Amino acid sequence: MFINGKDVSAYGAITLSGYKYTPPKIEQEYFKGRQRTGFTILCRETGMGQLDLTLTFYDRHWRDVTQKKAAFDRICMGEVEISIGDGYEYRSVLTEIGQSNQRTRRVLECTYSFDCVRHGPYVEKHGNTIICESTLPYTDCVLTARVGQDGTNYQMGPVMFDTVYSGQVLTVDGITKRILVGGEPDASGARWLRFPSLEPGENTFSCLDELTVGYYPSYF
């Protein structure tokens, strides 16, 4: 198991009991008229998945065991990436540190619970129409384009740029929620109501120039 790219063995920890992953809950609002068989989906939303882990810490001396566990607890704070060897990554936030159980004078066992999004490696696709591999209803994405010619009211997905110049590289980052011009944050000349996201299957974005679309495929 790795957390933020670091093997948990560096903290004197191993996973003996495997893990438990619970997919996110699905919420779908819909309207169905009285005495009708048809209905209309109004809203689709998913929460976070849950990842439960049991880690065993060990060392030659009890104090060293507890110190290693304390160091591991510290790195779990904030947003973390967890890899458990099943082919996915888990973008996670710690929600609970369970009770610690002393198994022997050199072994300590503890459970951890995380809210998470299960995803694959970051991918980039070129074109204004792409196929999204995610199964979650919505996946944040990054749109990048190199402007072909000077212009005004330049549409780039859900964002409108007031004025653009040939050669400019524009980025609409729906993952970190930023707008970049030439690699630097600059939203002064942009108008938008939302940041871009993808739905499973085919997606098309409006833009005069070819887009590069980057995202993490995300799964139930």
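The structure presented is a predicted model; accordingly, all values stated were derived computationally and were not measured.
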Item checked: No-hydrogen, no-angle side-chain donor-acceptor test under 3.5 Å, D7 and S9 -> yes
Check: Who are the ring pair (Phe, Tyr, Trp, His ring centres under 6.0 Å) partners of F2, not counting sequence neighbours?
Finding: none
Item checked: F114 side chain reached by T95 side chain, heavy atoms, under 4.5 Å -> no
Notebook entry, point to check: Would you call R191 and D162 a salt bridge, using N to O less than 4.0 angstrom?
Noted result: yes
Next item on the list: Assess the side chains of Y216 and D140: does a donor N or O sit below 3.5 Å from an acceptor N or O?
Entry: no
Next item on the list: State, with a plain yes or no, whether a side-chain heavy atom of N153 is found less than 4.5 Å away from one of M160.
Entry: yes
Margin query: Applying side-chain hydrogen bond (donor to acceptor under 3.5 Å, both in side chains), can you list everything that pairs with T15, at least two apart in sequence or on another chain?
Written below: none
Next item on the list: Taking the side chain as every heavy atom from C-beta outward, state whether V169 and V147 have any pair of such atoms under 4.5 Å apart.
Entry: no
Notebook entry, point to check: ring pair (Phe, Tyr, Trp, His ring centres under 6.0 Å) with F57: which residues, sequence neighbours excluded?
Noted result: F72
Check: Is there a donor-acceptor contact under 3.5 Å linking the side chains of T139 and S134?
Finding: yes
Note to self: Around atom CZ of R106, are there more than 12 heavy atoms from other residues, nucleotides or ligands closer than 6.0 Å?
What the structure shows: no
Notebook entry, point to check: In terms of side-chain heavy atoms, does T176 have a donor or acceptor partner in R178 at a distance below 3.5 Å?
Noted result: yes
Margin query: Ignoring hydrogens, what is the shortest heavy-atom contact between K69 and I97? Give both atom names and the distance.
Written below: NZ-CG2, 4.0 Å
Return all side-chain donor-acceptor pairs below 3.5 angstrom for residues 19-34, not counting sequence neighbours, or 'none' if the list is empty.
residue, atom, partner, partner atom, Å
Y19, OH, D86, OD2, 3.2
K32, NZ, R36, O, 2.6

Check: According to the salt bridge (charged side-chain N to carboxylate O under 4.0 Å, His left out) rule, which pairs have a member within residues 44-54, sequence neighbours left out?
Finding: R44-E199
Check: Any side-chain heavy atom of I179 within less than 4.5 Å of one from F161?
Finding: yes
Next item on the list: Sequence neighbours left out, what passes side-chain contact (heavy atoms from CB on, under 4.5 Å) with E89? Give chain and number order.
Entry: E81, S83, H119
Notebook entry, point to check: Are K68 and D64 within salt-bridge range, i.e. N to O under 4.0 Å?
Noted result: no
